[in-house]
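Start at 1 with the first residue, then count along the sequence.
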Amino acid sequence: MAFSTVISAAINGLEVEAIKVEADVSNGLPLTQMVGYVSSEVKESLLRVRTAIKSLGIGLPPKRIMINLSPGNIRKRGSAFDLPIAISLLLALEEISKEVVAETLFIGELGLNGQVIGVQGTLPIVAKAKEIGIKTCFVPEENLQEACLIKGLKIIGIKHLKELIKGEFCPQEPPLKKAEKKSIRKELDFKDVCGQKVAKRCLEIAASGGHNLLLMGPPGSGKTMLAKRVPGIMPALLAEESLELTKIYSIYGLLDQGAPLQRKPPFREVHHTVTRSALIGGGLYPKPGEITFAHQGVLFLDEITEFNRSVLEALREPLEERKVRINRQHQCYEFPADFTLIAACNPCPCGMYPDRNLCNCKSQDIKNYRAKLSGAFLDRMDLSLQLAKLSYQEVSKEGAAESSLEIRKRVSRTRNIQKERYGHKKMKNSLLLSTELAKFCVLDKEGRELLEKAYNQLNLTARSYHKILKVSRTIADMEQKEKIEVGHVKEALAYRINPKWE
């Protein structure tokens with residue numbers, strides 16, 4: 001009779017739980033069983049493990065074999081348990097010494113020939129291993145790059161199961177610098193966009209303070225072209241933000257294994273046919289949606305009036321809370337969703353309104369088209385801008401536009417001002433709470449009078465009032481002013497007033 005225990009980990013949503021993989025080989029009728037609240041893909045691992053061990057010339061004895069994945073109240077999914085199950089069996093059969101598995105975590109999928117195949121979620125699992133005091137992690141060599149992003153652990157990448165049996169392995173240092181050089185690509189640049197100076201200014205404000213933006217204009221006015229260039233003016237992620245985003249991408253297989261660390265803010269563009277669960281997150285065992293994959297970056301909804309209204313309404317809570325909660329009978333899942341929303345749309349079905357020489361849409365058709373965006377949704381947009389059709393002079397003019405690099409320098413300077421003011425946890429004006437506005441958004445006398453007049457005449461809501469203050473704070477920071485002046489409030493009001501939905 002032999003018993004062994006190996007440490008692995010399971011991922012549930014975005015949370016990682018340490019798992020004990022136990023193997024017991026005892027006398028009895030020849031039978032192999034697995035318990036521990038496992039999914040069908042984990043049950044299949046027994047067949048892969050038996051064949052992989054057999055390929056090494058090791059036969060399993062005709063005894064009763066029991067595999068337990070503990071604790072039993074946590075659902076285990078995925079193929080990452082193949083390697084720890086194989087190691088626990090080989091340890092119970094005394095084919096591997098106990099020293100190999102001491103304070104060690106194992107993850108990896110096995111091929112039928114014993115090859116160790118890469119798995120998803122390596123980075124957060126290795127981070128969890130460090131948290132619980134593990135000293136060594138064995139990971140597939142394919143995942144070595146991302147595993148080595150966690151410092152303070154001995155990381156060993158292996159290609160084949162026989163390496164563990166023979167003891168032919170050693171810690172490896174991946175060539176991160178070389179991989180990063182290969183991943184460099186040319187970004188879309190604002191200097192390619194003709195005209196639209198006001199729109200560029202508006203996008204700079206949005207990037208500087210993390211404000212949501214709605215662009216409306218006729219086809220060909222540059223809405224999509226402008227939005228796709230926003231990542232080029234956003235500063236690189238901080239180390240903590242970068243690691244948080246990389247963990248999310250690792251769990252769902254979105255990493256480039258050549259350069260896994262996500263240094264740049266993500267830009268996620270969603271088609272208007274997207275479902276609610278794909279955008280927000282969901283499923284029987286919930287997975288995050290596009291708003292989580294856009295965490296710390298930009299979510300772009302082009303042709304937003306073509307989206308299903310119920311899908312758009314589901315964005316209202318995440319835009320306020322900066323996270324999404326999905327409740328299921330067995331558990332509550334919480335996914336981060338601190339993103340900047342940029343939306344674009346036409347003013348009417350044909351896109352030419354209010355030019356009645358070109359637009360033949362009926363008034364009711366226009367009203368129905370715009371009714372897809374509710375007042376509650378529009379109230380959550382910090383900035384709104386009506387783009388005009390480009391003139392021939394603007395289209396034909398070359399070489400005069402400002403580059404993304406120049407704009408990014410100003411955005412970075414503004415972000416640094418906010419970081420110094422709020423500290424590390426809150427670095428964007430858009431994250432200010434209503435209780436903090438009196439302290440950080442101080443207006444001069446003229447500014448207060450103007451805002452009071454605008455509040456009464458424009459029938460602003462309390463949310464609109466707070467968003468105007470936050471945008472004014474960002475504009476003041478862009479000009480390196482400590483107090484918000486009346487000019488800053490005027491500009492914020494000009495962007496805040498939604499286009500007339502006649």
Is the number of heavy atoms from other residues, nucleotides or ligands within 6.0 Å of [atom1] ([X]) greater than 12?
| X | atom1 | value |
| --- | --- | --- |
| Arg50 | CZ | no |
| Arg268 | CZ | yes |
| Leu31 | CG | yes |
| Lys162 | NZ | no |

Inspect the contact between [Y] and [X] and indicate whether a charged nitrogen and a carboxylate oxygen are less than 4.0 angstrom apart.
| X | Y | answer |
| --- | --- | --- |
| Asp477 | Arg421 | yes |
| Glu41 | Arg77 | no |
| Lys467 | Asp379 | no |
| Glu131 | Lys128 | yes |
| Glu402 | Lys200 | no |
| Lys159 | Glu142 | no |
| Lys439 | Glu436 | no |

Quick one about [Y] and [X] (side-chain donor to acceptor, distance below 3.5 Å, no hydrogens or angles considered), yes or no?
| X | Y | value |
| --- | --- | --- |
| Gln331 | Asn12 | yes |
| Ser310 | Asn308 | yes |
| Glu22 | Ser70 | no |
| Gln262 | Thr246 | no |
| Thr474 | His211 | yes |
| Asn113 | Ser55 | no |
| Arg415 | Ser208 | no |

For Val49, is there any backbone N or O sitting under 3.5 Å from a side-chain donor or acceptor partner on Asp82?
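A pair under 3.5 Å: no.
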So, does Ser412 use its side chain to make a donor-acceptor pair with the main chain of Lys409 at under 3.5 Å?
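Not a single qualifying donor-acceptor pair exists.
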Any salt bridge (Lys or Arg N to Asp or Glu O under 4.0 Å) pairs touching residues 7-16, not counting sequence neighbours?
none
Return the orientation label for the Phe106 and Phe138 ring planes: parallel under 30°, perpendicular over 60°, tilted otherwise.
parallel
Identified side chain to side chain contact (heavy atoms under 4.5 Å, CB included) counterpart of Thr136 within the set Leu105, Leu153, Ile156, Val100:
Ile156
Ile150 and side chain to side chain contact (heavy atoms under 4.5 Å, CB included): which partner among Thr122, Ile125, Ile155, Leu243?
Leu243
Can the ring centroids of Tyr285 and Tyr333 be said to lie less than 6.0 angstrom from one another?
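When the ring centroids of Tyr285 and Tyr333 are compared, they turn out to be at least 6.0 Å apart.
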side-chain contact (heavy atoms from CB on, under 4.5 Å) for Leu299 and Ile291? Distances and angles first, verdict last.
CA-CA 7 Å; Leu299 176 69; Ile291 63 172; 3.8 Å; yes
Would Glu269 and Leu301 count as a side-chain contact (heavy atoms from CB on, under 4.5 Å) here? Give the steps.
CA-CA 6 Å; Glu269 183 177 0; Leu301 304 183; over 6 Å; no
Between Gln33 and Arg64, is the side chain to side chain donor-acceptor pair (under 3.5 Å) condition met? List the steps.
CA-CA 8 Å; Gln33 289 181 310; Arg64 184 180 180 86; 3.2 Å; yes
